[in-house]
Amino acid sequence: MSYLLEPAIGICRFSFCGKGDWRLSRAAKTPEQIKKMRNENAMSLYTPARMALRFYLFENFLLPSLRGQSDSNFVCLILTSDIMPQVYLDRLRAICAQDAHLELLVSSEVTVHEAIWPRLSELNAQAGHPLVQFRIDDDDCLSRDYVQELRMFMTRLGDRLPISYSRSNGLVITNYADDADMVIYKANLPFNSMGTAIRVHGERTIFSFGHNALHKRFPAIVDNSGMGYISIKIDGHDSEPISMAMPHIRNSHVPASSEETEVILSKWFPFLSDGTRARYDVLVEQINHAAHLSGSGQAIAAS
């Protein structure tokens with residue numbers, strides 16, 4: 001059995017309207033509550049302003065990071081709902097059709113598990129056993145060696161399962177309207193949502209478990225090598241705003257200078273610039289534009 005040939009399976013929810021781990025959907029428990037939540041969320045989920053921001057982040061951060069992987073043996077399932085307005089669905093179809101590593105799933109299901117399990121089951125059946133699957137949000141960015149590192153560990157472990165994986169080091173960027181400045185942090189966040197992965201038996205997916213608790217439930221790999229992700233936090237982000245005033249943030253985040261950021265971007269995120277401009281300058285410009293789209297926009301000058 002050649003594990004070297006097996007792909008990693010990524011899962012990204014792109015404006016999926018249903019039950020997930022977002023704050024707005026956690027209170028919905030019964031089928032009636034989930035249906036009501038879905039209908040209510042759709043009204044705000046697909047507004048032109050929100051979709052402009054989602055596509056901007058998707059096309060300028062996540063997609064370049066997937067296309068720039070040093071190991072191209074992966075498939076990323078892009079999950080959305082069948083109630084997405086046609087104009088956005090057409091745009092998403094066109095994006096996915098241009099990249100053999102992207103597979104669009106348009107679902108009428110109300111839970112992530114029900115929406116993705118049939119396709120995951122098919123992929124596992126083709127391999128003859130469970131494949132490793134990783135989660136990534138549409139506004140995040142993976143380092144160029146993310147898939148390479150993930151598959152290297154899984155290959156060495158052979159058929160060991162269950163096993164969970166986290167690339168703990170990365171950049172976290174905040175740009176909130178209530179803050180004076182945009183801040184770039186170096187962060188150490190084991191089992192964060194950016195690229196956390198699992199290989200597990202049974203009818204279970206990476207979304208069957210809270211990512212923060214995977215290492216408490218299963219054997220776990222915490223990969224502290226290099227930098228694994230960029231996480232963007234602006235107004236409208238699903239998680240609560242963060243700052244150095246919070247003790248747990250002071251313990252896990254360290255502000256990074258422009259010089260440090262340029263080195264990190266050049267080594268692990270080179271795809272964020274074509275090389276004609278400093279990557280830090282491009283990053284600042286893109287984050288400022290995203291913040292403007294979200295309604296915050298604490299612009300800082302690029303060096």
Side-chain angles (χ1 to χ4, degrees), residues 8-14 16 18-29 37 57 61-62 65 76-77 79 111-113 115-117 120 130 132-143 146-147 149-150 153-154 157 160-174 176 185-234 236-254:
I9 309 300
I11 304 169
C12 171
R13 301 164 299 177
F14 188 89
F16 175 73
K19 175 71 173 172
D21 57 0
W22 302 285
R23 288 187 293 175
L24 288 176
S25 72
R26 290 172 192 162
K29 305 294 183 184
M37 173 272 301
L57 293 168
F61 289 95
L62 180 57
S65 77
C76 189
L77 306 178
L79 172 64
T111 69
V112 174
H113 178 86
I116 64 176
W117 176 249
L120 283 177
V132 65
Q133 35 179 303
F134 66 90
R135 58 179 290 167
I136 188 69
D137 289 341
D138 60 9
D139 56 359
D140 293 327
C141 182
L142 293 170
S143 63
Y146 170 80
V147 172
E149 286 284 306
L150 172 63
F153 277 105
M154 293 300 154
L157 288 167
R160 175 71 181 268
L161 58 86
I163 190 76
S164 56
Y165 171 90
S166 173
R167 191 82 179 267
S168 56
N169 292 319
L171 293 178
V172 174
I173 305 171
T174 64
Y176 303 121
Y185 300 97
K186 294 182 294 181
N188 181 268
L189 301 168
F191 287 92
N192 60 72
S193 63
M194 294 79 73
T196 288
I198 193 169
R199 187 168 64 191
V200 65
H201 54 277
E203 190 175 328
R204 296 185 288 183
T205 77
I206 185 65
F207 289 101
S208 299
F209 316 96
H211 57 84
N212 287 319
L214 282 174
H215 61 297
K216 300 176 182 177
R217 299 187 60 171
F218 304 114
I221 298 167
V222 176
D223 184 355
N224 284 312
S225 64
M227 289 282 175
Y229 58 86
I230 296 175
S231 176
I232 300 165
K233 297 182 180 295
I234 55 181
H237 192 273
D238 186 60
S239 61
E240 66 173 340
I242 67 169
S243 74
M244 293 301 281
M246 302 173 174
H248 70 285
I249 297 300
R250 291 197 298 271
N251 290 336
S252 57
H253 293 62
V254 178

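Bear in mind the structure is a predicted one, so any value in this text is a computation, not a measurement.
- Side-chain contact between Asp139 and Leu62 is absent, with no heavy atoms from C-beta onward closer than 4.5 Å.
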Met154 and Ile163: side-chain contact (heavy atoms from CB on, under 4.5 Å), yes or no, with the steps? CA-CA 9 Å; Met154 293 300 154; Ile163 190 76; 3.7 Å; yes
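- Using a 4.5 Å heavy-atom threshold, the side chains of Ile9 and Phe134 count as separate.
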Would Leu79 and Val112 satisfy side-chain contact (heavy atoms from CB on, under 4.5 Å), going step by step from the backbone distance to the final call? CA-CA 8 Å; Leu79 172 64; Val112 174; 4.1 Å; yes
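- Atom CZ of Phe16 sits about 13.5 Å away from atom CG of Asp138, to the nearest 0.5 Å.
- With contacts defined as side-chain heavy-atom distances shorter than 4.5 Å, the pair Asn192/Tyr229 qualifies.
- Of all heavy-atom pairs between Pro219 and Arg160, the closest is CG-NH2, 3.6 Å.
- At a threshold of 4.5 Å between non-hydrogen side-chain atoms, the residues Ile234 and Thr174 do not count as touching.
- Every residue meeting the ring pair (Phe, Tyr, Trp, His ring centres under 6.0 Å) condition with Tyr165, not counting sequence neighbours, appears here in chain and number order: Phe153.
- The shortest non-hydrogen separation linking Trp117 to Arg204 is CZ3-O, 3.6 Å.
- Using a cut-off of 4.0 Å between Lys/Arg side-chain N and Asp/Glu carboxylate O, Asp137 and Arg13 are scored as salt-bridged.
- In terms of modelled atom types and a separation under 3.5 Å, the side chain of Arg250 and the main chain of Ala245 share a donor-acceptor contact.
- If you take NE2 on His215 and CD1 on Ile221, they are separated by 14.0 Å, rounding to the nearest 0.5 Å.
- Contacts classified as salt bridge (Lys or Arg N to Asp or Glu O under 4.0 Å) and involving residues 186-197 (residues at least two apart or in different chains) are given here: Lys186-Glu260.
- Within the model, atoms CG of Leu214 and OG of Ser166 stand 9.0 Å from one another, a figure rounded to the nearest 0.5 Å.
- Judged by distance alone, with hydrogens and angles left aside, the side-chain atoms of Gln133 form a donor-acceptor pair with the main-chain N or O of Ile206 at under 3.5 Å.
- From Phe191, atom CZ reaches atom NZ of Lys216 across 11.0 Å, with rounding to the nearest 0.5 Å.
- Atom OG of Ser231 and atom CG of Leu189 lie 8.0 Å apart (nearest 0.5 Å).
- The heavy-atom pair separating Ala197 from Val132 by the smallest distance is CB-CG2, 4.0 Å.
- Taking 4.5 Å as the limit, every side-chain heavy atom of Arg217 sits out of range of all side-chain heavy atoms of Ser164.
- Side chains of Ile116 and Phe207 form a contact here, defined as non-hydrogen atoms less than 4.5 Å apart.
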Evaluate the criterion side-chain contact (heavy atoms from CB on, under 4.5 Å) for residue pair Leu77 and Leu120; output intermediate values, then yes/no. CA-CA 9 Å; Leu77 306 178; Leu120 283 177; 4.1 Å; yes
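- In this structure, the side chains of Glu203 and His113 come closer than 4.5 Å at one or more pairs of heavy atoms.
- Counting heavy atoms from C-beta on, the side chains of Asp140 and Phe61 never come closer than 4.5 Å.
- The CG atom of Leu142 lies 12.5 Å from the CD atom of Glu149; values are rounded to the nearest 0.5 Å.
- The two residues Ser143 and Arg167 come nearest to each other via the heavy atoms OG-NH1, 3.4 Å.
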Verdict with supporting geometry, Asn224 and Ser168, side chain to side chain donor-acceptor pair (under 3.5 Å): CA-CA 6 Å; Asn224 284 312; Ser168 56; 2.3 Å; yes
